[in-house]
Amino acid sequence: MLKRSRPRSRANSPKGRALVALLVLAGAAAIALTMPIRLGLDLRGGTQIVLETKSTETTEADREATDRTVEVLRGRIDALGVAEPTIVRSGDNRVVVELPGVQDPKKAADVLGRTAQLTVHSVLGPAEAGQEATGASSGTDGERVLPDESGQSLRLADATLSGQDVKGADARFDQQGGAGWHVTVDFKDAGSDRWAEVTGEAACHPAGDPQRRVAIVLDDKIISSPQVDPSVACGAGIAGGSTQITGSFDDAEARELALLIKGGALPVPVETIEQRTIGATLGDEAISAGAWAAVIGTALTGLFIVFVYRLMGALATVALLCYGLISYAALAAIGATLTLPGLAGFVLAIGMAVDANVLVFERAREEQAARTRPSTRSSLTAGFRSAFSAIADSNITTLIAAALLFFLASGPVKGFGVTLGIGVLASMVSALVITRVLAEFAASRPSVFRRPHITGISTTGPVRDALLRRDPFLMRRPRRWLAASAVVLVVAGSGILVRGLDFGIEFTGGRLIEYSTATRVDADRARDALADAGFPRAVVQSSGDSDLTVRTEKLTNAEAETVTEAIGELGGETEKVRDELIGPSLGAELRKDALIALGLALCAQLLYLAVRFRLLFGTAAVGALAHDVVILVGVFAWLGKPIDGVFLAALLTVIGYSVNDSVVLFDRIRELLGGKERKAPFARLTNQAILQTLPRTVNTGLGAVLILASLAVLADDSLTDFALALLIGVGVGTYSSVFTASPLAIEMHDRGTGSRPTRREGRSTERKKVPASRTERQEVL
């Protein structure tokens, strides 16, 4: 009985895909031309400060208090005159402040971190002999002792007014009276009444008596303690709710004091737990180096896939350029900040796009070799359809790693997670939509139809030909591969025990300052000079021709200036190109978050693979991932490389990237289990899947190596270790997906079924006939 076939939906038709591709590219071009992308401080230079609010006896540092703190800090930052500052709350009790172009973190931290606790006190009299100053209230009556402007200690009563009673403050210059600069303070309604009350009580004491004075205290320091004018009557006080703070102020001091008071007292104290300063020169160099790495890496990758896949490779290269446009537009559209690790993620995602194209083209080659498709275009259509599940699964595993980086990482590494996630999504659009539109259009041209050899998919390629010709049984003895993996695991992992891990300041806390000196400074001389300056435990390393890195435990801004002066005496003109401060509490938290991220990454991969495939495959893949993680960490331990936030980003990326090979392999095993050879031994099916997917694994690995090698050679020094970690991870991950995950799956399958393969098993099974794939065939419609 003949049935009428259902028409294809417009979105699935070639014209529909072409329309979608044009709309996406037009929208991306419009966004790219009209919305500039926002650069992080590590690319444009500036200072980032992370403040943590602290609870007091009267106020809890909750979300509401932190929101009020953000508003107060915003007023202070606006008064500093910084262009395009950013201040946002992070979590319940943290505030992230970004100040582009600010190279003096000491001044910024001082202005932002001062609580500006303005209080007004009645003076109880001079302090007794031997009575020491106490910043905080002491005793049951709230009395405190503080020195006045001249150094005389005064006993102060409990505060009558606070900064919350302040309405405003302005710095003014008294030209007529000759009083110079002073600050006028206006109080709110309730504050006006209390101000009149405290000045009225002081007016009851005779002139010259210390108790006739009123002390104005800012951050536990008396900034003014004037006597109440004799014209003020006892009990009446100064009405009107306004007063003047006088003293020996100059222009800058008066304006800064007015800024702190007018900005308001912070509702809770704040502590600087992280501080980063990047020089503008370093940012420019990072952008230039990253751009060159992206251009050269893309060019090398494009040449490679053109060499392997000819015309289809050239069209895939065009799609890669479109990927770059889409990724850039997506970052600009969502207002994401592009950081230096984020730039690396942008480049790395090119490898994901290449992987998808390679998967499609290899499946199309298989369709052509099997002679089941009459034309190149039909082979391409079948290739896209067959490769879709593997592409989706492998990209989702990478998205899991990107999501964990976004939610658990901080600073520039969080930007890497954002960029990697956007890059993965853009790479799927590039490979599944744009490449398909271009490839199907080219394959339908008569000139291409008459010359199928130029498509690059009419033959299976030398790697597949060699494998099919020899048909090696790699999984004959899976335990030998597991033993080899165990040896490598023990050798690499022993570095963790023998050498230990060199945790970066993100995980230990401390301060890291990088200098660029006019003349080369020997690290030993710098170490001795810092020891003489009072920093015997400073770790000094030299890099490049004139760069010097100093790493110490917690260092104040004043002590950091001392370190800079000591380095400057040795190297002449010295520029501070990078300054990072991590508090010990934040370091402990980042260590905990790193372990959580690593555990969640492995569990998430296991859960996803168990749902998409089977628990057996998920367990084997996660076992291989744990193998990769230990080897990568162990190699870095042997090399003495730092384990820092950037390494964590590389590690999670390796987890997402290396599982791709396992996903593709297990997807092929699943396909074979549902086909004609499902009754064949599991080891033989696994071996057949390895041989069928190995060309894709080799081509994808080479494409990734070209990208990562460009990053390692051309990118900024801070990304060298990142690229090295990924190069190691890609190599180990490629090996483990074939020779660790596969044997592990075979062993678990045999244990579960209670069967063991014989030594000669598989030889008697019927082998597939090798297709004459390297002979060109005239295609027919």
Side-chain angles (χ1 to χ4, degrees), residues 296-323 347-370 373 376-377 379-384 386-387 390-391 394 427 430-432 434-436 438-440 442-443 448 451-470 657 660-661 664-665 668 690-710 727 730-731 734 737-738 770-777:
I296 294 180
T298 304
L300 291 176
T301 304
L303 290 174
F304 171 72
I305 60 175
V306 168
F307 174 77
V308 175
Y309 298 110
R310 303 180 188 178
L311 176 61
M312 296 301 151
L315 298 176
T317 303
V318 175
L320 285 181
L321 298 178
C322 297
Y323 148 80
V347 177
L348 182 62
I350 297 175
M352 306 299 295
V354 172
D355 183 26
N357 287 318
V358 170
L359 272 171
V360 170
F361 294 154
E362 288 297 328
R363 291 306 297 256
R365 279 180 165 183
E366 290 180 27
E367 296 290 339
Q368 281 281 81
R373 301 292 168 180
T376 301
R377 179 169 180 174
S379 297
L380 280 171
T381 302
F384 276 103
S386 301
I391 293 173
S394 59
S427 70
S430 167
L432 298 179
I434 299 177
T435 300
R436 184 168 184 175
L438 295 175
E440 290 183 344
V448 176
R451 303 175 183 85
H453 61 279
I454 68 173
T455 62
I457 62 172
S458 62
T459 62
T460 55
V463 176
R464 188 182 300 274
D465 285 343
L467 291 173
L468 292 176
R469 186 167 54 250
R470 298 179 181 179
Y657 202 85
N660 292 355
D661 292 336
V664 173
L665 177 60
R668 184 59 62 93
I690 291 174
L691 298 182
Q692 290 178 0
T693 58
L694 198 57
R696 169 263 166 200
T697 302
V698 171
N699 290 339
T700 300
L702 288 176
V705 166
L706 292 174
I707 290 288
L708 295 173
S710 301
L727 280 170
V730 168
T734 301
S737 65
V738 177
V770 181
S773 56
R774 297 191 63 82
T775 59
E776 302 295 340
R777 300 183 301 277

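Partners of Ser386 under the side chain to side chain donor-acceptor pair (under 3.5 Å) rule, at least two apart in sequence or in another chain, do not exist in this structure. Every side chain to side chain contact (heavy atoms under 4.5 Å, CB included) that Leu438 has, sequence neighbours left out, goes to Leu315, Val318, Ile434. For Ala314, the side chain to side chain contact (heavy atoms under 4.5 Å, CB included) partners two or more places apart in sequence, or in a different chain, are Val306. By the side chain to side chain contact (heavy atoms under 4.5 Å, CB included) test, Ala443 pairs with Met312, Thr376, Arg377, Leu380, sequence neighbours left out. For Thr693, there are no side chain to side chain donor-acceptor pair (under 3.5 Å) partners two or more places apart in sequence or in a different chain. Here Leu303 pairs with nothing under the side chain to side chain contact (heavy atoms under 4.5 Å, CB included) rule; sequence neighbours left out.
Expressed to the nearest 0.5 Å, how far CD1 of Ile707 lies from OG1 of Thr301 amounts to 3.5 Å. Here the straight-line distance linking atom CD1 of Ile690 with atom OG1 of Thr697 works out to 9.5 Å at 0.5 Å rounding. Between Ser379 atom OG and Arg363 atom CZ the span is 12.0 Å, to the nearest 0.5 Å. For the atom pair OG1 of Thr435 and CG of Asn357, the computed distance is 4.0 Å after rounding to the nearest 0.5 Å.
Looking only at distances, a side-chain donor or acceptor of Thr317 sits under 3.5 Å from a matching main-chain atom of Gly313.
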Could you list the donor-acceptor pairs under 3.5 angstrom formed between side-chain atoms of residues 698-705 and any protein atom two or more places apart in sequence or on another chain?
residue	atom	partner	partner atom	Å
Asn699	ND2	Tyr309	OH	2.9
Asn699	ND2	Glu362	OE2	3.4
Asn699	ND2	Pro695	O	3.3
Thr700	OG1	Asp355	OD1	3.1
Thr700	OG1	Arg696	O	2.9

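In this structure, Leu691 and Leu467 approach most closely via the heavy-atom pair O-CD1, 3.6 Å.
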